2 protein chains.
Amino acid sequence: MPVTVLLVDDEPLVRAGLRAVLGAQPDIEVVGEAADGAAVIPLVRRLRPDVVAMDVRMPLLDGIEATRAVLRTVADPPKILVVTTFEDDEYVYEALRAGADGFLLKRARPAEIVHAVRLIAEGESLLFPASVRRLAERYGDGAGRPARAGTARTRLTGREAEVLRLMARGLSNAEIAARLVVGAETVKSHVSAVLAKLGARDRTQAVIAAYESGFVEPR
Amino acid sequence: MPVTVLLVDDEPLVRAGLRAVLGAQPDIEVVGEAADGAAVIPLVRRLRPDVVAMDVRMPLLDGIEATRAVLRTVADPPKILVVTTFEDDEYVYEALRAGADGFLLKRARPAEIVHAVRLIAEGESLLFPASVRRLAERYGDGAGRPARAGTARTRLTGREAEVLRLMARGLSNAEIAARLVVGAETVKSHVSAVLAKLGARDRTQAVIAAYESGFVEPR
DNA sequence: GACCGCCTCCCCCGGGCGGGGGAGGTCCGT
DNA sequence: ACGGACCTCCCCCGCCCGGGGGAGGCGGTC
């Protein structure tokens with residue numbers, strides 16, 4: 001009995017790619033597709049897949065919300081494999097709380113994708129596959145050592161991540177301050193911390209790093 | 001006799017997606033794949049495809065260079081369909097000079113992709129399919145009118161595009177000036193023009209626009 | 001209780017950035 | 001020959017930004 005997979009991604013091309021990659025495996029069967037998070041629950045109820053390959057950024061309902069919804073409303077729910085472009089802290093923690101079982105980079109090679117689905121299906125928690133860790137090292141301490149989960153000295157704090165996200169939307173310090181309802185000096189502190197941790201010289205470089213790392217995504 | 005297509009893209013997932021989308025058509029046959037521009041010429045010689053679906057950003061040899069190489073060295077060359085994420089001026093003009101026959105957005109829906117391949121194969125020049133034009137309108141004059149090819153008032157000039165690309169790599173005005181071997185004031189002028197044309201308030205917003213529009217891509 | 005990370009706010013200060021306006025040069029097509 | 005687009009350089013000016021350093025409160029853990 002093959003592992004059944006439901007694909008959830010708003011980009012048809014990505015779905016087609018996953019279908020091609022996964023469907024080629026004799027022990028894996030793609031049983032359905034959805035283009036947004038809202039369509040997932042009824043499909044899971046009907047198809048009862050073993051694994052849901054879930055995109056993070058989607059219209060109507062994002063991957064985290066959809067994960068939460070599935071696990072909350074479906075009895076004997078499937079394993080959730082979150083498909084993203086980078087393990088950013090918030091997504092990781094939010095998805096963990098939501099109950100996701102693993103993460104996968106879209107850039108991963110086909111063999112890695114297949115491997116991830118198999119592991120997830122077997123009940124393995126695939127929190128930091130090699131491909132994710134490779135990217136995660138970009139947020140290391142500059143000495144080549146990867147940022148470990150415990151010591152968060154070089155990882156962005158929640159507030160810093162929030163500030164970076166607003167920076168990456170083009171907001172000025174004053175606008176960010178207004179948005180977060182804090183003083184402008186506070187924002188400056190967070191910005192400085194972000195710049196230091198990302199090794200960026202100015203906010204522009206920080207935003208570039210945010211895009212390059214997948215912390216924020218185009219569109 | 002079906003239309004034969006060679007896929008050239010460094011991302012396996014995109015190749016798999018294109019293969020799935022195109023291969024499902026009875027009148028289209030994917031006859032080969034390449035992961036970089038350098039591998040294209042021998043494959044074209046051997047497989048003699050009708051159409052080459054060519055990514056722009058690739059290792060070793062980018063899509064423009066590869067297009068140029070194919071048309072220069074192969075007798076009775078295939079049609080070249082450039083697969084990109086945005087029609088930026090330089091790519092369009094460079095690819096046109098290189099001899100590309102059309103453009104296609106990766107974000108296009110499967111039906112559009114299939115349509116584009118068929119048109120290209122029939123000898124149609126597919127310079128501005130609807131999906132591309134839609135994005136191109138983002139660079140219109142702000143009044144909703146799309147930027148026409150003739151009046152380039154809101155389109156970036158060559159120098160401006162160059163400056164924007166360096167901005168998007170995190171360079172300061174002084175660094176850009178040094179790189180381009182011009183005065184700092186000149187760079188300021190170009191930066192101001194870029195900001196005005198993109199409707200950006202500062203360089204950070206300009207870089208964001210560059211990423212969002214696909215003018216530059218992560219990685 | 002002591003420590004520590006995080007968030008918050010404050011000071012001074014220099015420099016890069018962006019706005020506004022102007023101007024000379026080349027190359028091009030009309 | 002003229003206009004127009006483009007690239008280049010220049011002036012003044014205001015200000016947001018980022019660096020440096022410091023400090024208090026709060027919530028965790030040990």
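Since we're looking at a predicted model, the values are computed, not measured. To find a chain, count down the sequence lines: A is the first, B the second, and so on, and within it residues start at 1.
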Handout entry: Steps toward salt bridge (Lys or Arg N to Asp or Glu O under 4.0 Å) verdict (A:Lys188, A:Glu185)
Key = CA-CA 5 Å; A:Lys188 282 189 55 177; A:Glu185 303 83 7; over 6 Å; no
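A straight line from CG of B:Leu180 to C1' of D:dC6 spans 15 Å, rounded to a whole angstrom. The CD1-P distance, from A:Ile176 to D:dC16, rounds to 14 Å in whole Å. The distance from atom CZ of A:Arg201 to atom C1' of C:dC17 is 13 Å, rounded to the nearest whole Å.
Within the model, atoms CG of B:Leu81 and CG of B:Asp50 stand 13.0 Å from one another, a figure rounded to the nearest 0.5 Å.
Between A:Thr186 and C:dC9 there is a side-chain N or O to OP1 or OP2 distance below 4.0 Å. For C:dT8, one of the phosphate oxygens OP1 or OP2 lies less than 4.0 angstrom from a side-chain nitrogen or oxygen of A:Arg159. Close to C:dC17, at under 4.0 Å from its OP1 or OP2, lies a side-chain N or O of B:Asn173.
Nearest-nucleotide assignment on DNA chain C puts the 5′-proximal partner with B:Ser192, out of B:Ser189 and B:Ser192.
The listed nucleotides are C:dC17, C:dC9, C:dG18; the one nearest the side chain of B:Ser172 is C:dC17. For B:His190, taking side-chain heavy atoms from C-beta onward, the closest of the listed nucleotides D:dG18, D:dC9, D:dC7 is D:dC7.
Interface remark: the A:Lys188 side chain does form a donor-acceptor pair with the D:dG19 base, using a distance-only criterion of under 3.5 Å.
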